[in-house]
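Step one of this worksheet: look at the structure below.
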There are 2 protein chains.
Amino acid sequence: MATRQEISANRLDDAARAGWLYYVAGNTQDQIAAKLGISRQSAQRLVSLSVSEGLIKMRLDHPIGRCMDLGARLKSRFSLDLVEIVPSDPESPSTTIGLAEAGAAEIERWLKLDEPRIIAIGTGRTLKAAIEQLTPMECPHHKVVSLTGNIAPDGSAAFYNVIFNVADVVKSRSFPMPLPVIASSAQEREMLHSQPMIRETLELAARADVTFVGVGDLGPQAPLYEDGFITEAELKALQKAGAVGELCGWAFNADGRLIEGFTNDRVASAPIPSRETSLVVAIAKGEKKLPGIRAALNRRLVNGLITDELTAEGLLATE
Amino acid sequence: MATRQEISANRLDDAARAGWLYYVAGNTQDQIAAKLGISRQSAQRLVSLSVSEGLIKMRLDHPIGRCMDLGARLKSRFSLDLVEIVPSDPESPSTTIGLAEAGAAEIERWLKLDEPRIIAIGTGRTLKAAIEQLTPMECPHHKVVSLTGNIAPDGSAAFYNVIFNVADVVKSRSFPMPLPVIASSAQEREMLHSQPMIRETLELAARADVTFVGVGDLGPQAPLYEDGFITEAELKALQKAGAVGELCGWAFNADGRLIEGFTNDRVASAPIPSRETSLVVAIAKGEKKLPGIRAALNRRLVNGLITDELTAEGLLATE
DNA sequence: CCAACCTGTGAGTATTTGCCCATCCTCGTA
DNA sequence: TACGAGGATGGGCAAATACTCACAGGTTGG
């Protein structure tokens with residue numbers, strides 16, 4: 001008499017045969033049913049079994065395949081709502097190559113929507129590069145709001161504030177923030193934020209449907225420092241306090257917690273919009289930014305990420 | 001054979017994405033269409049493209065009892081070092097279905113080795129189909145050497161000479177044989193073989209660690225004849241002399257002995273490498289090739305075989 | 001011995017996929 | 001600028017596939 005195991009092994013054999021006929025030989029299930037002398041439904045079950053039992057392996061031989069794979073893992077590892085991985089070009093030192101195009105594509109996906117949306121934009125080199133990749137289009141029904149001030153320390157318009165570029169290219173209504181990135185004191189910040197126009201912009205930012213931000217590192221070449229928004233002493237103090245990165249000027253430590261005190265008391269940027277009710281996408285890559293990106297993901301300061309293969313690997317490598 | 005259309009890299013990227021989403025992530029084409037922002041029909045086209053371009057590879061990972069059994073019996077009956085049996089699809093007239101994938105898998109096993117190897121390759125339709133299934137990989141440390149000439153009777157590159165395809169896909173160093181498959185005379189062959197470069201290639205072939213060859217039949221549609229390497233008269237003469245098959249152009253009789261005289265005096269291919277010190281794998285199946293395969297196994301012209309169920313049965317049935 | 005249970009089956013039905021065709025867009029040419 | 005070839009697109013439809021359900025045959029445990 002046949003034991004259950006033998007029967008099941010036989011069944012797996014049949015499943016393997018059916019799977020082979022289906023996937024490798026390209027038969028239809030009807031043909032398989034005829035060949036194996038069973039009903040089409042049974043054939044379907046066998047084919048299905050061959051997949052669910054892992055008898056059939058499918059592999060994608062294309063550079064993109066690796067990106068998709070990394071993306072899926074990142075998405076589940078950090079419970080992200082959006083992940084986009086672009087192939088790395090190890091030869092190119094550019095911090096924006098590929099990323100800019102991918103970021104622009106994602107921004108355009110939102111702009112193409114017919115229903116009016118509020119799109120919040122941070123600042124930084126990566127974001128600027130992405131905006132430059134945007135296809136000009138007519139989107140007067142959307143609103144684009146800046147999360148950060150657009151006044152550089154010397155009083156001029158901050159170079160890497162990109163809100164005007166966006167509004168220009170896509171013809172949407174724009175809401176810049178006529179503020180310094182970092183106020184001179186907490187009091188000044190409060191004063192500025194209480195101005196009616198700015199208050200409205202802040203409220204608009206809080207209701208953004210989608211947000212795109214860059215991630216800044218706080219190493220020796222921290223963009224905040226290089227662009228003169230913070231002094232060397234302030235940078236050192238932040239580093240000492242454990243800061244590993246910043247979003248729109250908000251410095252945070254390796255846990256993703258905002259650093260208390262220091263420059264954070266004076267950052268005039270809008271708070272990062274809710275990750276519960278909206279999508280906040282970080283666009284960033286690179287060794288230097290890795291700790292910052294990881295921290296932001298861990299504490300869910302963002303729930304979307306556009307990065308490259310190498311960075312994705314780095315994010316998955318640890319822990 | 002369909003002419004190779006130049007397809008933009010971007011489209012292949014998209015195809016890869018779609019293929020990944022479909023086969024790996026298990027999305028429906030509707031979902032893919034939504035995610036990529038295209039119509040379902042376009043998604044379907046991309047998925048289909050990813051298969052037809054060979055981006056998606058499917059492999060059956062299960063020892064089907066019947067194939068294992070046949071394989072074990074063949075292995076012991078003919079003292080083989082390697083046997084691989086794939087399921088048969090009795091209805092399909094294709095001479096390569098399934099076999100190509102299995103052959104590619106075995107070739108890949110060798111290519112994946114870290115130590116440098118010399119891999120010799122014969123010629124033929126089956127082998128070409130197998131090569132097309134190879135996954136691109138970087139193997140500059142291996143050497144791939146052709147056993148047969150790559151010049152067709154009309155002077156062009158022989159279509160079924162596959163050495164270039166291999167080298168291309170796996171980036172290894174390749175050693176083709178700039179020779180006709182069959183020289184016009186024994187003298188010409190000697191002359192050609194004495195050329196330094198060719199001599200070196202021949203010596204390399206003799207030292208191959210592993211060899212993959214097809215088996216040609218010598219019936220009315222013998223590939224050697226169909227491809228114009230031998231005349232009808234020569235084919236008839238070979239048949240009369242008892243030839244039942246050929247490896248790389250070397251015709252042999254039912255005992256597996258090389259036919260003396262006739263075209264064998266002029267075959268410009270390298271001799272089949274040693275079965276004592278290396279692995280020589282025949283990849284072949286089909287009723288027509290049965291006598292040839294049997295003869296080659298009997299006299300141990302090869303010590304490895306990749307074939308299908310039906311052929312395996314045929315080999316075991318007689319004697 | 002019987003009832004509960006499990007496995008596998010076929011029928012019917014909803015969903016998904018493959019393919020044809022009209023149309024649109026692009027680009028080279030007259 | 002007009003025009004035609006060639007390729008991409010999306011609608012529609014038939015084929016193929018996946019899923020649900022009720023039931024048959026056999027096993028298990030009382």
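The model shown is predicted, which means the values in this text are computed figures rather than measured ones. In what follows, every chain begins at residue 1, and chains take the letters A, B, ... in the order their sequences are listed.
Between B:Gln31 atom CD and C:dT16 atom C1' there is a gap of 11 Å when expressed in whole angstrom units. Straight-line distance from the CG atom of B:Leu36 to the C1' atom of D:dG10: 16 Å, rounded to whole Å.
From B:Lys128, atom NZ reaches atom CD of B:Gln133 across 12.5 Å, with rounding to the nearest 0.5 Å.
The phosphate of C:dG10 has OP1 or OP2 within less than 4.0 Å of a side-chain N or O from A:Ser39. For B:Ser42, a side-chain nitrogen or oxygen approaches OP1 or OP2 of D:dG10 to under 4.0 Å.
In this view, A:Lys75 satisfies the salt bridge (Lys or Arg N to Asp or Glu O under 4.0 Å) rule with no residue, not counting sequence neighbours. Listed by chain and residue number, B:Arg73 satisfy the salt bridge (Lys or Arg N to Asp or Glu O under 4.0 Å) test with B:Asp69 (two or more places apart in sequence, or in another chain). Residues meeting the side-chain hydrogen bond (donor to acceptor under 3.5 Å, both in side chains) test with B:Arg66, sequence neighbours left out: B:Glu309, B:Glu313. In this structure B:Lys288 satisfies the side-chain hydrogen bond (donor to acceptor under 3.5 Å, both in side chains) test with no other residue, sequence neighbours excluded.
For residues 16-29 of chain B, the pairs satisfying salt bridge (Lys or Arg N to Asp or Glu O under 4.0 Å) are A:Glu84-B:Arg17, with sequence neighbours left out.
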For nucleotides 17-21 of chain D, give me every protein contact, N/O to N/O, under 3.5 Å, one pair per line with atom names.
| residue | atom | partner | partner atom | Å |
| --- | --- | --- | --- | --- |
| D:dT17 | OP1 | A:Tyr22 | OH | 3.2 |
| D:dT17 | OP2 | A:Gln29 | N | 2.9 |
| D:dA18 | OP2 | A:Gln29 | NE2 | 2.7 |
| D:dA18 | OP2 | A:Gln44 | NE2 | 3.2 |
| D:dA18 | N6 | A:Arg40 | NH2 | 3.4 |

